[in-house]
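To keep things clear, I will list the structure first and then write my remarks on it.
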Amino acid sequence: MNLKRIFGGDRRTALVKKNIAGSLLVKGWSCIVQFLIVPLSLQCLTKYEYGIWLTINSILMGIDAIDVGLGNGLRNRLAEAMALDNRDMARRQVTTTFFMLVMIIVPLILLLTVALMFIDCNKLMNVYPSLVHDMRGILIASIAIMGSTFIFKFIGNMYMGLQLPAVNNMLVVLGQTVSLAILYVISLFGKSDLMMVAVAFTAAPLCVYILAYPISFCGKYKFLAPSFKYFDKHSLRVLLSLGVKFFVIQISGLMLFMSSNVIISHVLNPAEVTPYQIAYRYFGIMSMLFAIIASPLWSATTDAYTIGDWQWINRMMRKMNYLLVCFLFISVAMVAFASTFYHLWVGDKVDVSLQLSILMAVYTFGLVVSNCYSSILFGIGKIRLMMRMAVIEVIAFIPVQFYVCREFGVYGLVTVLILVTVITGYVNYLQFKKISTNTARGIWNM
């Protein structure tokens, strides 16, 4: 096998290939860790407690996006600075992002902590106090640790801006692996509770990022190390001009995702979240696999767009379209083997119906198609139309989710999510076609 030929091509293409290969290895291990965590979690918690933890985890993902888009703004602006070989501008972008995250996340953690002190957390989560003790403490601890983690996650965004998403993926996987190890130790004692599991899941990634800080900025990337003298108001405006749009898109998508878990827990009961999440995580393999391929394209597209290399962008997009056909067959195969996989994975502890598996497969494939075009649009910064669509979808579809979940259960809720992905994917496709053929006018060119 000629590795030089496989990973060859121009500088940008070769870097994309190497990061895809590296990410596949890292994500392969991540996939194993994620699947080991589920039965281990079910061993430590009851099905009821596990459903509550999945709901809390979906809320924590919301905190993961509340950076006013600074993380993704850094990803694009750093890629532009490096494409222009402007190290001074690159360091200003990294520094400004870090200090702004501190100024945003720390007050937010304090505000949420105070708010939770005056809220009936058991009623909020639809939890029986006799079955789960200290719901308020669990939420406060989880939010505080997760918020602190997000401040240091800018390191991962920095690596993605450097067109090294494999390094970011490695940091994420290390956190997951440490969580698995802690969870295993907890399970050996035979007695555990939701608080212990929540801390295990949230504290491990924080430790990994804290260790990654000196490793990243005392070596090869010392020229990017945050320093207060490089904090720049102009860089902040540049980051926020793009970052706010990313923030709206992220928070809208997460509201749809988070609302699904919360609606199922509130309208039905927390135990019903478990089969929904089991199916979501299984078919999420397909989404994760596609993300591994699409992630290096984001910053590589920014690099190409900055220097006007549309020939490279269109060539990559044609290859991605061929890839979508492969993912269609993958989704069909995953449905065929779903029941066998569930049995091997969680045994008889959770029952996931064939209908839910089919609906989740359609939904996940819709996400893949949508992400195929959105990753390119993210790279070139043409996301204002996507932002408006995201807001409209949240306003229109969350009330619909409540209704269909009450009337048709989980199946109706997933059907609504499918409709959202179809609309989003089609709009993303039209916008890319118009921009790539230089026919985009008005909102299509935003």
Side-chain angles (χ1 to χ4, degrees), residues 20-21 23-43 47 50-51 54 58 173 176 256-257 260-261 264 268 271-295 319-375 404-405 408-426 429:
I20 290 174
S23 294
L24 282 171
L25 291 173
V26 171
K27 285 291 188 178
W29 173 244
S30 174
C31 192
I32 294 171
V33 170
Q34 290 288 353
F35 285 114
L36 288 174
I37 279 177
V38 172
L40 198 57
S41 299
L42 287 169
Q43 182 179 332
K47 183 180 176 181
Y50 186 60
L54 290 175
S58 70
V173 153
Q176 294 170 345
L256 284 170
F257 172 74
S260 300
N261 293 280
I264 293 170
L268 303 176
E272 291 298 322
V273 178
T274 303
Y276 169 81
Q277 276 289 314
I278 293 294
Y280 180 86
R281 292 194 178 196
Y282 170 58
F283 287 98
I285 298 172
M286 179 169 56
S287 182
M288 181 188 72
L289 182 61
F290 186 81
I292 290 171
I293 299 169
S295 182
K319 292 180 179 180
M320 295 294 283
N321 285 332
Y322 290 130
L323 195 63
L324 288 179
V325 177
C326 297
F327 274 85
L328 177 60
F329 287 107
I330 291 173
S331 64
V332 173
M334 289 186 72
V335 171
F337 290 99
S339 60
T340 302
F341 188 89
Y342 296 146
H343 180 72
L344 292 173
W345 185 18
V346 295
D348 299 325
K349 293 181 180 180
V350 182
D351 180 36
V352 183
S353 68
L354 176 61
Q355 186 176 351
L356 180 57
S357 293
I358 293 172
L359 288 171
M360 196 61 74
V362 175
Y363 167 58
T364 307
F365 180 71
L367 281 178
V368 167
V369 174
S370 178
N371 292 340
C372 178
Y373 293 97
S374 66
S375 61
V404 297
C405 187
F408 305 104
V410 176
Y411 303 143
L413 186 143
V414 179
T415 302
V416 173
L417 293 176
I418 291 171
L419 181 59
V420 172
T421 59
V422 169
I423 294 172
T424 304
Y426 184 65
Y429 164 76

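- Contact of the Thr415 side chain with the Leu419 side chain is not registered, since no non-hydrogen atoms from C-beta on lie closer than 4.5 Å.
- Nearest heavy-atom pair, Trp29 versus Val173, reported as atom, atom and distance to 0.1 Å: CD1-CG1, 3.3 Å.
- A distance of 10.0 Å separates OG1 of Thr364 from CG of Leu417, quoted to the nearest 0.5 Å.
- Here the closest heavy-atom approach between residue Ala361 and residue Met286 is recorded as O-CE, 4.0 Å.
- In this structure, Leu354 and Val335 have side chains that are in contact, with non-hydrogen atoms separated by less than 4.5 Å.
- Nearest heavy atom pair, residue Gln176 against residue Val33, reads O-CG1, 3.6 Å.
- Between Ser331 and Phe283, every side-chain heavy-atom pair lies at or beyond the 4.5 Å cut-off.
- No donor-acceptor contact under 3.5 angstrom links the side chains of Tyr282 and Ser357, judged on distance only.
- The shortest distance between side-chain heavy atoms of Leu413 and Phe408 does not fall below 4.5 Å.
- Two rings, from Phe365 and Phe327, have their centers 6.0 Å or more apart.
- In this structure, the side chains of Ser370 and Tyr429 stay at 4.5 Å or more apart for every pair of heavy atoms.
- One distance of note links CD1 of Ile330 with CG of Leu289; it measures 6.0 Å at 0.5 Å rounding.
- Contact between Met360 and Ala279 at its shortest, heavy atoms only, is CG-O, 3.7 Å.
- With values rounded to the nearest 0.5 angstrom, Met288 atom CE is found 11.0 Å from Ile293 atom CD1.
- For the atom pair CG (Leu324) and CZ (Phe290), the distance works out to 5.5 Å, reported to the nearest 0.5 Å.
- Legend: residues meeting ring pair (Phe, Tyr, Trp, His ring centres under 6.0 Å) with Phe337, ordered by chain and number and at least two apart, are absent.
- For Phe341, the CZ atom counts as densely surrounded, since its 6.0 Å shell holds more than 12 non-hydrogen atoms of other residues, nucleotides or ligands.
- Residues Tyr276 and Val414 are in side-chain contact: their nearest non-hydrogen atoms beyond the backbone lie under 4.5 Å apart.
- Atom OG of Ser30 and atom CG of Leu25 lie 12.5 Å apart (nearest 0.5 Å).
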